[in-house]
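Accompanying notes for the structure given below.
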There are 2 protein chains.
Amino acid sequence: MATLRDVAKTVGLSAATVSRALSGHPYVDERTRGRVVRAARELGYRPNALARALRVQTTRTIGLIIPDIHNDFYAESATVLQGAFEEHGYRLILCISNSDPAHDRSYLRTLAEHRVDGIVHVPSSSIDAHELDAGGRRIPVVELLRHSPDAQFDAVLSDDFDGAAALTRHLLALGHRRIAMLTGPGAFSTTRYRVDGYRAALREAGLGPNDELVLYGSYTPECGHDATRAVLARTPRPTAIFSSGSRLTNGVLRALAEACVRVPDELSLVAYEDPEWYAISVPPLTCYTLPLREMGRVAADTIIARVAEGATPRPPVVLRFAGRLIVRESTAPPRA
Amino acid sequence: MATLRDVAKTVGLSAATVSRALSGHPYVDERTRGRVVRAARELGYRPNALARALRVQTTRTIGLIIPDIHNDFYAESATVLQGAFEEHGYRLILCISNSDPAHDRSYLRTLAEHRVDGIVHVPSSSIDAHELDAGGRRIPVVELLRHSPDAQFDAVLSDDFDGAAALTRHLLALGHRRIAMLTGPGAFSTTRYRVDGYRAALREAGLGPNDELVLYGSYTPECGHDATRAVLARTPRPTAIFSSGSRLTNGVLRALAEACVRVPDELSLVAYEDPEWYAISVPPLTCYTLPLREMGRVAADTIIARVAEGATPRPPVVLRFAGRLIVRESTAPPRA
DNA sequence: ATCGGTCCTGGAAACGGTTTCTCGCCTGTG
DNA sequence: CACAGGCGAGAAACCGTTTCCAGGACCGAT
C-alpha cells in the first residue's frame, strides 16, 4: 500500500507525527524526521493528493477551458498560463471544448466536481453563474479572450473592435472598397466585436454597411476555403479579404491557390492573429497581432489573486489589451 | 455546503439512501428517489469527486504528457485522445513538458500523486518504472510516438526509420547526393530512428555516411532557421534539406526566403509530419505524413484496456505505424 | 516543590462520499 | 401459522490525510 499509516507503522510512530515530519512541520525531532523520510523512501510512499485535498479543502489546481488546441492563439495562452501557475505552485487541468457549448458546460461541471480552486475560461457559451457553485462557495472564474457579458466574471480580453477596425482601415487607405469579411460564429463575443469594428471603419470611410460581404462560419480551414470560393464567385468580386482567424486563413490561402488568384496583385488579404507561419507564408501576411503572452500572464495573476482572496466579493474587472497592426506583403492597392 | 448529508437531512433520509438514489442503485423507492433528486437540485448539490475517488480507489482520469502544444503533431494526438477517453467516461489531464526531462518527471510524479488511472506519455527522458508506484499498484503507462526502450511499457510508435528512409530515397531518386538533415535532440528515440533511416537510405545508394551533414538541435523554428543558414554556408552547398519536424520547417523556410533561395529550383526540401500549412506553403511541401488519428485512438484503447485489466502482468506490446510519402512541389532534380 | 514555558508525540475527529451489513416490513406459500 | 425471500432504508466502517487537543518530558524561574 504504502500509505502514511504504513510508514508510521514501520517506524513505530503515529500517523500524525509522520505527517508532520514529511510536511516540514517544526516541533519534530530531527532524528525522528530522518527515520521517517528514510522509511518513506524505502517503502516508496507517495502521498495521496486526493485525500489531502479532501482534508484541506483546496486542490491547488486550476482548470483551463479552451476551444481548440490547434489554434496557436489558444495553444500560446495555455503555455503561458501553465508556466505562470507552475511558479505559484498550481497545477493545470486543460480541457478542450471544440467550441461546443455542451462540452463547455460539461467541462465546467466536471471542474467544479473536482473542486478546482479556479477556472480560466474561453467561453463557447454563456453560462449560468450558479453552475459554478461547489461545496458551498462559488469557484472564481476569469474569462479569457471571449466574454460572456451578462455573467459577472473578471475578463482578460483583446480589443477586437480596434483590431478589426485597424485592419479594415489599412485596406481602405489602400483604396479598397469591396472588402469581404470571413469570420466565425456570430455567437462569440470576439466575432461580434470584430464585425462591429469592421463596420465602424467602413462607416468612417462613408461606406454603407455591406453586410452581404460578411460571411459567418466556424473557425476551421474548411470553412475558410468554402467561404473564399463563395467570395470569389461574387460579382463584382471583392478586392480584399479579411480573415478573422488563423485556421480560416489557412483555408483562404488554399482556395486562392486553387483559383490561381495572386496575392496581393489580384486580391489583398489581411488576417487576425499572427501564428508562426504567417511571416513565412508567400507572400508574408499583413495581420493584427495580440500580446498573448502578456494577456496569459495577466489572466494567471488575476485568477490566482481571486483564489487567494477567497470569497470576498469584489466587482469584476474587465481588461482589454490592444494589439498591433503588422504590415507585410499581402496587401496592395486594388488593381482596377 | 450542499454535501450529500445536507441533502439527506432536508429530505429526512440517511446519507446511504441519498447516495443510492443518486447513483441509480436499485432497491430504492421511486418516490423516494424523486424526492432526493429534487432536493439535490434545489440545494445545488454537486458531488465531490475527490471524496468519491478516495473511497472507490479510482479516478476515471488519465494523464497525458506531451512535449509541446504548438506542434500540430502533439496537438492532434491530444485531441484524438480526449475524444476517445470521453467516449469511455474518462477525463483527461494534459501536461506540457516542453521536452524538459525535469518537467517530465515532475509531471509523472504529480499524476501519480493524483492517482490517475493511467498515463499516456510522450517521453522526454528515460524514466524509472518504479516512479510510477502509487498506492501499492503500478500505474499503467502507454508511450506514444517516442519510446524509452529499457522501461517495459506498451508503446504506440510511428515507423520513423522507414519514414526518414522514404524521404531520403525520394531525394536520392531525383539525383540528390548532398542532403542535409536538420533534426532535434539526439536523446529522443524519434531523432535517432530518423537519422538511422536517413543513413540507411544513403548506404543503399552506395553513399558513405556523411554525418557532417546531420545537424542536431531542438525542435524549434529558431533552430531550423540557424541550422539552415549554416547549411547554406557550406561548400559545396547541399542540394536538398531534410527537415525532421514541422517547427523546424518553419525556420527553414524563413531562412531560405531571407537568402532568396528558390525551392525547388535551387534547393529541394522534404519534411517530416504534415501540419495543415504544409499543403498551402509555396511551394507545397513534399512530406511524410503519419496516421496520427489512428495512432491516438489505438493509444487510447491500449491504455483503457490496461486500466480495465488491472494489475494482471502482461508483456508490453509495441506497435509501429507506417506513414505515407506525399510528393508535392518542393522537390525536383538538382540543378547542377 | 510548584509553576510556566518549550519541545515532541499520540489519539481522535474531521473531510464527503460509497459500501457492507443488518434489520424490519411486506407478501406469498406450504 | 411459520417461514422464506424480496424490497427498502439506516448504522457504521472505510478511503488517506491533516489538525486540534492533550499530555508528557525537560528546563529554568519562582
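Here is how names work: the chains are called A, B, and so on, in the same order as the sequence lines, proteins then strands, and each is numbered from 1.
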Lys/Arg N to Asp/Glu carboxylate O, [X] vs [Y], below 4.0 Å:
X       : Y       : value
D154(B) : R306(B) : yes
E143(A) : R146(A) : no
E30(A)  : R33(A)  : yes

Distance, rounded to the nearest Å, where [X] contributes [atom1] and [N] contributes [atom2]:
X      : N       : atom1 : atom2 : result
L43(A) : dG16(D) : CG    : P     : 14 Å
L13(A) : dG10(C) : CG    : P     : 5 Å
R5(A)  : dG11(C) : CZ    : P     : 11 Å
L54(A) : dC15(D) : CG    : P     : 14 Å
E30(A) : dC7(C)  : CD    : C1'   : 12 Å
L4(B)  : dG17(C) : CG    : P     : 5 Å
Y45(A) : dG16(D) : OH    : C1'   : 8 Å
Q57(A) : dT18(D) : CD    : P     : 14 Å

Seminar exercise, completed: Numerically ordered, the residues 18-29 of chain B set in heavy-atom contact under 4.0 Å with DNA chain D is R20(B), Y27(B), V28(B), D29(B)

Problem set entry | Working for side-chain contact (heavy atoms from CB on, under 4.5 Å), residues I93(B) and I62(B) | CA-CA 6 Å; I93(B) 295 188; I62(B) 299 212; over 6 Å; no

Problem set entry | Nearest-nucleotide 5' precedence on DNA chain D, G12(B) against R52(A) |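 Result of the comparison: G12(B).
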
Exercise. According to the interplanar angle, ranging from 0 to 90°, do the rings of H103(A) and Y107(A) count as parallel (below 30°), tilted (30 to 60°) or perpendicular (above 60°)?
Worked result: tilted

Exercise. Of L81(B), V307(B), V116(B), which is the lone residue that meets side chain to side chain contact (heavy atoms under 4.5 Å, CB included) with Y90(B)?
Worked result: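 The passing option is V307(B).
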
Exercise. I65(A) pairs by side chain to side chain contact (heavy atoms under 4.5 Å, CB included) with which of T110(A), V120(A), V141(A), D104(A)?
Worked result: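 Single pass found, and it is D104(A).
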
Can you find a side chain N or O atom of [X] that sits less than 4.0 Å from OP1 or OP2 on [N]?
X      : N       : value
T32(A) : dT9(C)  : yes
T3(A)  : dG16(D) : no
T17(A) : dG10(C) : yes

Between protein and nucleotides 26-28 of chain C, what N or O pairs are separated by less than 3.5 Å?
none

Exercise. Going by modelled atom types, is there a donor-acceptor pair between the base of dT17(D) and the side chain of R55(A) at under 3.5 Å?
Worked result: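 No pair found.
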
